[in-house]
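Comments concern the structure below.
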Amino acid sequence: MRSLVLAAFIAPVSGMYVPDVRLPYENRTFTSIVVDDFLSSSKNSFKNKNLQRLFTNTLPNTLDTTIFSYDLDPKSPDTFIITGDIDAMWLRDSCNQVLPYMRFISTDDALRDLMTGLVVRMSKSVLVDSYANAFNFDSSQETDHADDVRTPPMANATFEGKYELDSLAAFLKLSRSVYAENEEVFDGDGIYASWLQAVETTAATIRRQQMSTSEEAESRGGPAYTFSRFTTEATDTLMQNGKGTPCARTNMSKCMFRPSDDATTLPFLVPANAMAVVELRETVKVIVSQLKRKADNGRINVYPIIDELTDLADGIDEGIQTWGKIVHPITKKEVYAYEVDGYGNFIFMDDANIPSLLALPYLGYVDKSDPVYLNTREAVLSEATNPFFFKGRAGEGVGGPHQGYGMIWPMGITVRALTSTNETEIKECLKTLVDSTAHTGFMHESFWKNDASDFTRTWFAWANSLFGELIMTLMDEHPELL
Ligand SMILES: *[C@@H]1O[C@H](CO)[C@@H](O)[C@H](O)[C@H]1NC(C)=O
Ligand SMILES: *[C@@H]1O[C@H](CO)[C@@H](O)[C@H](O)[C@H]1NC(C)=O
Ligand SMILES: *[C@@H]1O[C@H](CO)[C@@H](O)[C@H](O)[C@H]1NC(C)=O
Ligand SMILES: *[C@@H]1O[C@H](CO)[C@@H](O)[C@H](O)[C@H]1NC(C)=O
């Protein structure tokens, strides 16, 4: 608290001032000496001391504040990570919250085991409910969203039951990212078998959601997923009695809610499908590598799942290339659409939450110099073509419907910097990001375009981790900008 008071006192004199707001050592939910050493040793990489402070606050924020529970026992590894101000674990958030720590796990055994616990926890969660976006710590109590009318029915363990394709892709991305640094992640008793089962469930869910609305109407069981909530927010429930907007078969896979947890307008969310293509293919590489390590001792026949993941990725990719690109009516250039329905309808916009159109190169789907991506980027970063791109006295950036018109999301600015090749643009992004913290020392969810002190969410760990990741990327690629 002392540093906050001090910051408020000094700020008017020194202009922008980022206070040191890390929790005291004894109050942190997890500590990594390796991460702390990295923070100390990287001090000299910065000319801009505000950036350095902000990096020191944000990079460890997930470890400092959101490791709700963990068990590092190799027989029962388990890690439950909350989003920050909401006491539940999102598959997407928790994956993104820990991605910047991957480079540290080969030298920090406890951090490595913490990540193994998260892979195990996610496998179990997917097996409990592959249509959920967020989970409770356990199933002992009735869930907060028990009143949602849903197919499949809500489980106690499900915190929220919104089906978002990128939640499943996040499970795959976390798994392969941990595997890249620790091939032994699945070697504990039963872990690989359970993980493979979760991968099969993931593939089956994504496959099932390729069905068109007419195919679902004719199948005797009806849609595998429906969702209705009594609410005054149109974006918090699905149209057509919980079935969502009708769509044709495109080979893309439906996604009923966006990564903002808002309902999609049209079911084929192109950025989420792009992320799925990348992660399904990366998962194949993990399984093939495990075969080479003879990690399964030949007990598990993985060839059918390898074929299924490959076929699914190829089909979705073809679907994106066939149905997910449009000629923009204003720019007359070919761009990726945000959402399509396979009947020729499309929505062009972007939402700051990842996966987004702006993030396509960050997700590994296209190169930063891909011509269709560059056309898309130009349209995303323009008030004339993206209804959720805002400019004001506090900066400019992508927002989204979730916090409303005129609210810019720091995450959108971070993604812009991560996907830019223009040093001036990256510098401007860094300046707006520092300013957007409004003396709090942390990243926020969104801020009013004319006044950064009018912001949402004081404790949003994903945005903090993503900023940490940006700074580490810049240390490698553009150290002169720091
Ligand atoms: C840190 O933990 C101590 C002991 O539990 C508590 O009294 C104190 O308020 C905590 N400080 C912060 C900043 O959370
Ligand atoms: C769900 O929560 C209710 C209310 O606490 C409890 O009675 C029930 O046993 C729980 N169900 C499961 C499967 O744990
Ligand atoms: C879907 O993918 C399969 C396999 O790649 C392909 O044969 C088929 O033509 C595709 N269907 C559509 C509607 O694009
Ligand atoms: C780089 O970014 C700056 C600031 O956004 C812009 O003014 C400039 O035109 C860009 N340069 C190129 C080559 O795109």
Side-chain angles (χ1 to χ4, degrees), residues 1-8 19-31 56-57 60-68 80 82 84-85 87-88 124-125 127-129 132 134-148 150 152-161 331 333 358 361 367-371 373-386 389-392 394-398 408 412-435 440-442 449 458-459 461 470 474 477-478 480-481:
M1 287 327 286
R2 203 176 145 217
S3 56
L4 267 176
V5 172
L6 199 62
D20 171 6
V21 285
R22 278 194 83 181
L23 283 181
Y25 187 83
E26 62 277 13
N27 297 66
R28 296 177 190 164
T29 54
F30 190 88
T31 53
T56 307
N57 291 335
N61 182 249
T62 281
L63 296 176
D64 288 354
T65 67
T66 68
I67 313 299
F68 181 89
F80 188 83
I82 61 172
D85 50 11
D87 251 7
K124 285 183 183 155
S125 300
L127 289 171
V128 166
D129 186 350
F135 291 86
N136 295 315
F137 176 62
D138 62 25
S139 57
S140 62
Q141 291 177 29
E142 195 169 74
T143 177
D144 287 36
H145 291 298
D147 291 340
D148 291 346
R150 198 186 74 140
M154 288 291 287
N156 284 9
T158 302
F159 172 77
E160 194 172 46
T331 66
K333 293 179 185 171
L358 196 60
D367 195 77
K368 282 180 187 171
S369 60
D370 178 276
Y373 171 70
L374 288 175
N375 294 342
T376 308
R377 180 180 179 88
E378 188 184 15
V380 164
L381 299 175
S382 161
E383 290 170 302
T385 37
N386 176 8
F389 181 76
F390 310 115
K391 286 185 178 183
E396 64 171 53
V398 181
I408 296 170
I413 301 171
T414 310
V415 168
R416 180 179 185 173
L418 278 166
T419 51
S420 173
T421 52
N422 174 340
E423 292 208 338
T424 313
E425 186 181 28
I426 297 171
K427 243 173 148 160
E428 287 174 0
C429 289
L430 288 174
K431 180 177 181 326
T432 311
L433 285 169
V434 170
D435 290 352
T440 62
F442 288 121
K449 65 182 184 141
T458 48
W459 183 20
L470 169 64
L474 294 178
E477 294 174 8
H478 299 279
E480 67 285 359
L481 294 182

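The figures that follow rest on heavy atoms only: side chains count, while hydrogens, waters and symmetry mates do not. Both counts, for ligands and for their atoms, begin at 1 and track the order of listing.
- Each of the atoms 2 (O) of ligand 4 lies under 4.0 Å from some heavy atom of Glu425.
- In terms of polar-atom proximity, defined here as any N/O pair under 3.5 Å, Asn422 does make such a contact with ligand 4.
- Atoms of ligand 4 lying under 4.0 Å from any heavy atom of Glu428, numbered from 1 in the order shown and given with element: 4 (C), 5 (O).
- Side-chain N/O atoms of Asp367 and Ser369 include a donor and acceptor closer than 3.5 Å.
- Residues Glu383 and Lys449 are not paired through a salt bridge, judged by the lack of any N-O separation under 4.0 Å between the basic side chain and the carboxylate.
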- Task: Please test Val398 against Leu381 for side chain to side chain contact (heavy atoms under 4.5 Å, CB included), starting from the C-alpha separation and ending with a verdict.
- Result: CA-CA 7 Å; Val398 181; Leu381 299 175; 4.1 Å; yes

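- For Thr158 against Asn136, the heavy-atom pair with the smallest separation is O-ND2, 3.5 Å.
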- Given Leu23 and Thr65, is the side chain to side chain contact (heavy atoms under 4.5 Å, CB included) satisfied, shown in steps? CA-CA 8 Å; Leu23 283 181; Thr65 67; 3.9 Å; yes

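- For ligand 2, the 4.0 Å heavy-atom shell contains residues Ser139, Ser140, Gln141, Glu142, Asn156.
- For Glu396 and Arg416, the salt-bridge test passes: some basic side-chain N is under 4.0 Å from an acidic carboxylate O.
- Aromatic ring orientation, Phe68 versus Phe80: perpendicular (interplanar angle above 60°, classes split at 30° and 60°).
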